[in-house]
There are 2 protein chains.
Amino acid sequence: MSDPQILIADRISAAMSSMTTSEKRVARVLLARYPAIGLESVTAFAEQAEVSAPTVLRFITKLGFGGYPDFRRALREEIDDSRKFPLTRPRPTKIDVGSDFGNELLEVVRATLGEIEPAVVDEVIELLADDRRSVNVLGGDLTKTVAGHLLYHLRKMRRAVFQLPAVNQERADRLIDLGKKDIVILFDVRRYQDDVVTTARIASQRGCTVILFTDQWMSEAAEVATHVFRAKVETSSPWDSLLGLAAIVETLALALDRRLWSVVRPRLEAVERYKINLTSRNKSPAGDKDQRSDGPDTAVFESRSKKPAV
Amino acid sequence: MSDPQILIADRISAAMSSMTTSEKRVARVLLARYPAIGLESVTAFAEQAEVSAPTVLRFITKLGFGGYPDFRRALREEIDDSRKFPLTRPRPTKIDVGSDFGNELLEVVRATLGEIEPAVVDEVIELLADDRRSVNVLGGDLTKTVAGHLLYHLRKMRRAVFQLPAVNQERADRLIDLGKKDIVILFDVRRYQDDVVTTARIASQRGCTVILFTDQWMSEAAEVATHVFRAKVETSSPWDSLLGLAAIVETLALALDRRLWSVVRPRLEAVERYKINLTSRNKSPAGDKDQRSDGPDTAVFESRSKKPAV
DNA sequence: GGCGATCTGTACAATCTATTACAGGATGTG
DNA sequence: CACATCCTGTAATAGATTGTACAGATCGCC
């Protein structure tokens, strides 16, 4: 038996460069449905990857296996091993991050997560889990991207999630409608923006719940915020890092998912159905079967031309 | 497809009472080396259990499967499910921030940075440092926020940085103008988007340099990309993490900053001057084209209002 | 100990699988 | 534009696998 420590998945990554186009497709499908698909027959595997059986065989050979049976045997052994030593699971990752900056980024995440107060998380999750409250998110110049990341997750999981307009006039129009039942989430890190701080003040005055994501030096908005998350943003780079904030966002996303799991699941499925209907032309909204449609769009973006055909 | 919730292992336990001696032996061996041994051939399985092949067949039939292939298919599906939806399993409702999931996020960053090839970084930096090339960035549903993060840094450091339109028609209008001198940067992670892949193909066909940010399973866009960055996105959370991609982006930002330091510094100072002019009313200084303003302020968001203002 | 019922293994046929050879097609080069 | 090279799919074949029929073995019971 071949070295049990080296995962087949890693072998694939390593050999990826010497793969042809079709073989890469095989690799991708294998990794995506690893390892189950490798345990099917060559024919079935080839069909899923939309290539011919010999292509799969060549791929397997390039990986260094003696043949398909040999490959499958290796997969089975790997499954067996992972059962036997679930804790000694091979950790193939290189310890060396490659650079000092890499370690700094790790430190940003570690320090940030270490500072999070679970109590604050719990309270915020409870607030976000409340369907009746609207959520209004605003980021600054640098932070609007993390704000977008939070928006993405919130929108997938609940209703009434809005982005506060970047343009002040529109934002003012919006703020006038907010009240006690509404949540305002702000991002403001160093080189703090006055308009964000002002927004916090107004929101607070109107009785909104104000949740602030800021850095270790704390935006002035913290004075009126009801909940504050502080992230480390400083590195040796002249550009502040968003990794800490993003880590908080993703932690919250997971927590909210757990809290709302029973609601989120059907919601996502419904969204998926709508998406399929939206991407298919003038169909009646019947299609519920999970067809991995290649989304017909504009002519220019015609679905993939995968048919060599003859 | 049989109910994915009921594990085959449970079915065995349930049917154990109606099993004969030899069949019980089969059951024991199967449970002991579950599920790997079930993926071998009947003959091999029978040998391990020290019974004959037909005995195994009868055992499988008693479990309610239509035949051995049917049984194996069920096993494979179980493996697939456990990989794809580790969340359909009963999950803990309590969150402990900063411990388990925190470590996973750290691992995402560490693994991603560990896989970066310095040579690719160098090449990409050289490309991005070239003022004459335009840079055109596009992200997918999830990744558009990281794409925004990259855009932020690039815009601060160089000219001709654009976001490719999300709407296909507009994007097509834009792509037609791109050529050999232009750089297209794409983000595409799992649940890959056909429109992004298609954009990659078109850009490649037009001779553009195509830089791809993807995940470990690699978007199909990789087939035509000239440079590929792979990030780890998978965690135990149902939501993929962007921390790895963000870490790459920030690493590139620092590298580009070092490379272009002498150019970037005066550029930033100039931007700062324009910004001040933009926020102060009715002055008349030099107007350049670069029009990414933070929006003109209105009365509500008057700048520099340092007072708490209760 | 003899009998019946149940269990189990052997042998073989039908089917499916992996593999190899080869030719058509794509790609790049001079 | 012709040539060479490299991919990739088709088709044929050798081999292995599943499933079944049947005969021998085992066990319990009278």
Side-chain angles (χ1 to χ4, degrees), chain A residues 8 15-30 35-76 304-310, chain B residues 15-30 35-76 180 200-207 210 220 222-226:
Chain A
I8 293 164
M16 193 67 93
S17 55
S18 67
M19 292 292 172
T20 69
T21 318
S22 298
E23 285 162 2
K24 271 182 191 155
R25 189 175 301 171
V26 176
R28 220 161 40 76
V29 171
L30 175 56
I37 201 172
L39 296 163
E40 302 198 10
S41 71
V42 177
T43 319
F45 189 170
E47 268 174 28
Q48 305 260 359
E50 296 177 5
V51 299
S52 69
T55 301
V56 173
L57 267 302
R58 283 186 283 262
F59 168 78
I60 296 299
T61 309
K62 272 194 186 173
L63 249 43
F65 296 102
Y68 202 72
D70 184 42
F71 165 67
R72 272 209 306 218
R73 185 190 45 71
L75 280 181
R76 284 195 305 265
R304 84 160 148 275
S305 60
K306 73 186 170 213
K307 271 297 107 167
V310 165
Chain B
M16 193 66 98
S17 54
S18 67
M19 294 290 172
T20 69
T21 322
S22 301
E23 285 163 2
K24 274 181 187 159
R25 192 182 307 169
V26 176
R28 271 210 327 277
V29 172
L30 175 56
I37 200 171
L39 297 163
E40 303 197 12
S41 71
V42 178
T43 320
F45 188 172
E47 270 176 26
Q48 304 263 355
E50 296 178 357
V51 298
S52 70
T55 301
V56 174
L57 267 300
R58 282 184 284 263
F59 167 79
I60 295 301
T61 308
K62 274 194 185 173
L63 284 179
F65 295 103
Y68 202 71
D70 185 41
F71 166 65
R72 273 210 305 217
R73 186 188 44 74
L75 281 180
R76 284 195 307 265
K180 288 193 181 62
R201 294 231 159 84
I202 294 171
S204 164
Q205 208 171 345
R206 298 197 60 80
V210 177
E220 264 187 76
E223 293 171 13
V224 295
T226 53

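Chain A is the first sequence line, chain B the second, and so forth, proteins listed ahead of strands; every chain is numbered from 1.
The phosphate of D/dC7 has neither OP1 nor OP2 within less than 4.0 Å of any side-chain N or O from A/Thr55. OP1 or OP2 of D/dT8 has not a single side-chain nitrogen or oxygen of A/Ser52 nearer than 4.0 Å. For B/Thr20 and C/dT8, the shortest distance from a side-chain N or O to OP1 or OP2 is below 4.0 Å.
Atom-to-atom, CZ of B/Arg25 to C1' of C/dT8 comes out at 11 Å; the value is rounded to the nearest Å. Nucleotide C/dT19 holds its C1' atom 16 Å from the CZ atom of A/Phe71, rounded to whole Å. In this entry the distance linking CE of A/Met19 with P of D/dC6 reads 17 Å, nearest Å. We find that CD of A/Glu23 is positioned 8 Å from P of D/dC7, with the value rounded to whole Å. Nucleotide C/dT17 holds its P atom 10 Å from the CD atom of A/Glu47, rounded to whole Å. Atom CG in B/Leu39 sits about 15 Å away from atom C1' in D/dT17, given to the nearest Å. The separation between A/Phe59 atom CZ and D/dC7 atom P is 15 Å, rounded to whole Å. Between A/Phe45 atom CZ and C/dT19 atom P there is a gap of 13 Å when expressed in whole angstrom units.
Heavy atoms only, all atoms of each residue included: A/Phe65 and A/Ala74 are closest at CE2-CB, 3.6 Å. Residues B/Leu39 and B/Arg72 come closest through the heavy atom pair O-NH1, 3.5 Å. Among all heavy-atom pairs drawn from A/Arg25 and A/Glu50, the shortest one is NH1-O, 3.7 Å. Contact detail for A/Ala27 and A/Phe59: the closest heavy-atom pair is CB-CE1, 3.7 Å. The two residues A/Val26 and A/Ala49 come nearest to each other via the heavy atoms CA-CB, 4.1 Å.
Taking B/Arg76 as the reference, A/Glu40 meet the salt bridge (charged side-chain N to carboxylate O under 4.0 Å, His left out) condition, with sequence neighbours excluded.
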Just the atom pairs and distances: protein N or O near nucleotides 19-21 of chain D's N or O, under 3.5 Å.
unit_1: D/dG19; atom_1: OP1; unit_2: B/Tyr68; atom_2: N; d: 3.3
unit_1: D/dG19; atom_1: OP2; unit_2: B/Tyr68; atom_2: N; d: 3.1

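Counting any heavy atom pair closer than 4.0 Å across all strands shown, A/Arg72 reaches sugar-phosphate atoms only and no base atom.
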Practice item. Would you please test A/Val56 and A/Phe71 for side-chain contact (heavy atoms from CB on, under 4.5 Å) and show each step? Key: CA-CA 11 Å; A/Val56 173; A/Phe71 165 67; over 6 Å; no

